[in-house]
Amino acid sequence: MAAPASSPVEFLLHRPLPRQRRRPPLAGAFFAPTGLSGAPLLRALASLAADLLGTPPLPSQRRNIDALMRRLALLSALLDSLLLLLADEGEAAFSDAANLCFRELYVVLFRADLLVSYVASAGRAWALLRAPQLAASFRDLDAELAVVLDVLPAASLRLSWDAAQYLDFLRARCRRRAPAHYHDPAEAALGDCLLAALRHFELGQPPDPSMLRSLLRQIGISDAASCRSEIEYLEEQILNQEEDADLPLIGGVVALLRYCLFSLFDPSNTKSLRVWLSVGNRQRPLSWSCSDDTSFSVPKEFSCPISLDLMRDPVVVSTGQTYDRPSIIQWIEEGHSTCPNSGQALADNRLVPNRALRSLISQWCGVHGFQFDSPESNEGMIECVAVSCSSKAAIEANKATARILVKMLMEGSDNAKPVAAREIRLLAKTGKQNRAFIAELGAIPLLCRLLLSSDWMAQENAVTALLNLSIFEPNKTRIMEQEDCLHLIVSVLKNGLTTEAKENAAATLFSLSVVHDYKKKIMNEPGAVEELASMLTKGTARGKKDAVMALFNLSTHPESSGRMLESSAVVSLIESLRNDTVSEEAAGALALLMKQPSIVHLVGSSETVITSLVGLMRRGTPKGKENAVSALYEICRRGGSTLAQRVARIPGLNTVMQNITLTGTKRAKKKASLIVKMCQRSQMPSALALGSTLAVVDHSLVGNSRLRRAPSFGSGELSNPVSISVPVP
């Protein structure tokens, strides 16, 4: 039987960043414009060069960008001369070799445009950290330009004297710069100052405020808004997972800038931070229509041929067709041996990730503002976030920031407290060290007070901060032992000022209920189970998920059945069996609760419930199928022959049971065999036929007839939990 996992790192990834992540310029090949030649090609080159020359001065990579602009000015003059030549002599003035070189020149200019655009959009601190890599990119660009100019058949172009001079001068310029000339001493010195500030934190001594002010001024950070912008950009780069990125260093700079944000600026007087609070964590849902009534349709190439939904984890089967991984796995587990799209036989069951398509889907989602997180990217982000928080400088800087924030919660103005709660929420999102010292500084009772606030931002950030803090095991005890804290969390669940506050209150109850000793205390808190049941029935998709996970955890307590029955939680779980988002967890919770006869008969008396469980056994994940089998097993085992007969009469049960015995988990196979035995004992002809069929299947698979002699299960036997992530903004 399946249960929600409580691993702390799983809390990190379910509240995505609100904006599209900016990545460095692509290093791969680009296609030349094959349809252009002669004058149209030259005009395209001239237009691209002119656009680049119009770039305003940038604070980063000044030396390299200035050098590039001088080359572009010469190139633009050369192109103008060539266009005049074409106007006089016509298209015949250019040979095929010349056209080929100009197409390659277009590629070089396109790469230059990408590189300059990247530098222009990059955060200043990020550009300092990546100065060597950016300098290398400009050096490579010069080398590519030199190669194209060297092979350009100048003799066949019949250049004017001025144009020939431009070309010779441009060739010389591209060859002349030594590698050291690409590195700006001023930027290198500023980068050293940044590293020196981090070394202060490594020694446990925050840098002098005047030193930090001078450093920020040189970087270009003049107020809280620009400091916040730099922090957000660096956090995006951590999640981009670049292979050569120094994540501990980047995490240290993020912590340094966060310390500067609260030690050098006054957030309570900064309207921009208040605005950021109200919109910073609002992300666009993954739906295909916008608020302005503009519809988006998923490109056919990005849709799974089986589910017709956007693919999250596209994989290629042996026939070369691409499907979403969960859909094709379900297809194979149901016993199919052919490709759904082509009808060809599958040579094997290997699934090869289609990384190129996944990248295209991710880019498409980014363009339209939709969240895209594949399972693989989530795993990588967990690791990246953990590594970035691991340096001593980051830990010490975050400690210093936490002291300021807790003081703001204690003594700050009404404007400052929501800001402090929001920042504690972010600090507690990453790293167990952060969660530990924030609680040790006394943040939990101060956050509890904000749960009573009439300011929706203060309340929402406070309950989410408590959720993030509760991931650290000792903090669960601190929260549960804090006077009235549990009562206030339930109050937010019931009367929260925003939907997100209510949902995160439910997620907090799930996190706290991981500890067995707290399950009963939570169930006995007036309104807790009732409000979770209500959210499971009426909440958003995310709210339903939060609620069902909390109810599942509470259901594992041996005394939970009566409380779940009187609070209508059982009815909510039954209704949720028809909701694919939460049906697997609902089935697992019901299987646990059906140790009480009254619940067994309430659940089993409806053929709709049994039909829903059989449907889940047919279409669910392996653990979902196991949950459904466990629930059906409890109905047959504890409901007597009447309910066993009702189960045996369900259409299609024969096929479903065969599939479970062939492809189910070990526990699911055993419980399926016991269901067959109980149906046989009910003396229903259909059950006997079912048992006979399964016996044949078992005989063909296992020579010792293992399924027919499956051992009986004790009332407490459950399967290992499924992994269910609790959302953390």
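Residue indices begin at 1 and follow the sequence shown. These numbers were taken from a predicted model, which means no experiment stands behind them.
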Are side-chain heavy atoms of T665 and K625 found at a separation under 4.5 Å? no
Just by modelled atom types, is the A347 backbone N or O under 3.5 Å from a matching donor or acceptor in the S318 side chain? yes
Do T621 and E584 meet the criterion of a side-chain donor-acceptor pair at a distance under 3.5 Å? yes
Side chain to side chain contact (heavy atoms under 4.5 Å, CB included) evaluation trace for V352 with V315: CA-CA 5 Å; V352 180; V315 292; over 6 Å; no
Please check if the side chain of N468 supplies one atom and the backbone of R425 the other of a donor-acceptor pair under 3.5 Å. yes
Sequence neighbours left out, what passes side-chain contact (heavy atoms from CB on, under 4.5 Å) with S567? Give chain and number order. V529, E530, R563, A569
Just how far is it from atom CZ of F510 to atom CG of L467, taken to the nearest 0.5 Å? 10.0 Å
Where is the tightest heavy-atom contact between E460 and A501, given as atom of each residue plus distance? CA-CB, 4.0 Å
Checking the side chain of N579 only, and the main-chain atoms of T581 only, is there a donor and an acceptor separated by less than 3.5 Å? yes
Donor-acceptor under 3.5 Å (N354 side chain, V316 main chain): no
Is the shortest heavy-atom distance from the side chain of S560 to the side chain of L593 under 4.5 Å? yes
Rounded to the nearest 0.5 Å, the CG atom of N524 sits from the CD atom of E559 at a distance of 8.5 Å
Side chains of S576 and L573: does their closest heavy-atom pair fall under 4.5 Å? no
Is the side chain of K519 donor-acceptor paired with the backbone N or O of L554 at a distance under 3.5 Å, no angle test? no
Can you name the nearest heavy-atom pair linking C636 to V647, along with the distance? SG-CG2, 3.7 Å
Taking the side chain as everything from C-beta on, heavy atoms only, tell me whether L466 gets closer than 4.5 Å to L451. yes
With no hydrogens and no angle check, is any side-chain donor or acceptor of T556 less than 3.5 Å from a backbone partner on N553? yes
Looking at every non-hydrogen atom in both residues, tell me the closest pair between P314 and T322 and how far apart they are. CB-CG2, 3.8 Å
Once you round to the nearest 0.5 Å, how far does CD1 of I660 lie from NZ of K670? 15.5 Å
Evaluate the side-chain proximity of I489 to I479: yes if any heavy-atom separation is below 4.5 Å, no if none is. yes
Go through the steps to decide whether T540 and E503 satisfy the test side chain to side chain donor-acceptor pair (under 3.5 Å), and finish with yes or no. CA-CA 9 Å; T540 64; E503 291 169 346; 2.3 Å; yes
Check whether any side-chain heavy atom of S630 lies under 4.5 Å from a side-chain heavy atom of M594, and answer yes or no. no
Any idea which heavy atoms bring I522 and M480 closest together, and the distance? CG1-CE, 4.2 Å
Distance-only, no hydrogens or angles: does the Y323 side chain make a donor-acceptor pair with backbone N or O of N341 under 3.5 Å? yes
Tell me the closest heavy-atom pair linking S555 and M564, and the distance in Å. OG-CE, 3.8 Å
Go through the steps to decide whether E531 and K502 satisfy the test salt bridge (charged side-chain N to carboxylate O under 4.0 Å, His left out), and finish with yes or no. CA-CA 10 Å; E531 292 305 320; K502 293 179 180 180; over 6 Å; no
Side chain proximity check, L532 to V548, heavy atoms < 4.5 angstrom: no
Main-chain N/O of P326 paired with W331 side-chain donor or acceptor, under 3.5 Å: no
Step through the shown structure and confirm whether more than 12 heavy atoms of other residues, nucleotides or ligands are within 6.0 Å of NE2 on H336. yes
Looking only at heavy atoms, the pair that brings L536 and K544 closest together is O-NZ, 3.1 Å
Sequence neighbours excluded and cut-off under 3.5 Å, please list the side-chain donor-acceptor pairs for residues 301-311, or say none.
| from | atom 1 | to | atom 2 | distance (Å) |
| --- | --- | --- | --- | --- |
| S303 | OG | P299 | O | 3.4 |
| S307 | OG | D309 | N | 3.3 |

Spacing of CD belonging to Q596 relative to CG belonging to L565, to within rounding of 0.5 Å: 6.0 Å
Is a side-chain donor-acceptor pair under 3.5 Å present for S470 with N475? no
Looking at CE of M535 and CG of L509, how far apart are the two atoms once the value is rounded to the nearest 0.5 Å? 9.5 Å
Sidechain-backbone polar pair: R435 side chain, A428 backbone, donor-acceptor under 3.5 Å: yes
Verify the neighbour count for atom CZ of R325: are there more than 12 heavy atoms of other residues, nucleotides or ligands below 6.0 Å? yes
L643 vs R646 side-chain heavy atoms within contact, under 4.5 Å: yes
Would you sort out whether S327 and D324 count as a side chain to side chain contact (heavy atoms under 4.5 Å, CB included), showing the intermediate values? CA-CA 6 Å; S327 297; D324 202 17; 4.2 Å; yes
Just verifying a value: how many Å separate L346 CG and I328 CD1, rounded to the nearest 0.5 Å? 6.5 Å
Would you please say whether a donor-acceptor pair under 3.5 Å links the side chains of T319 and Q321? no
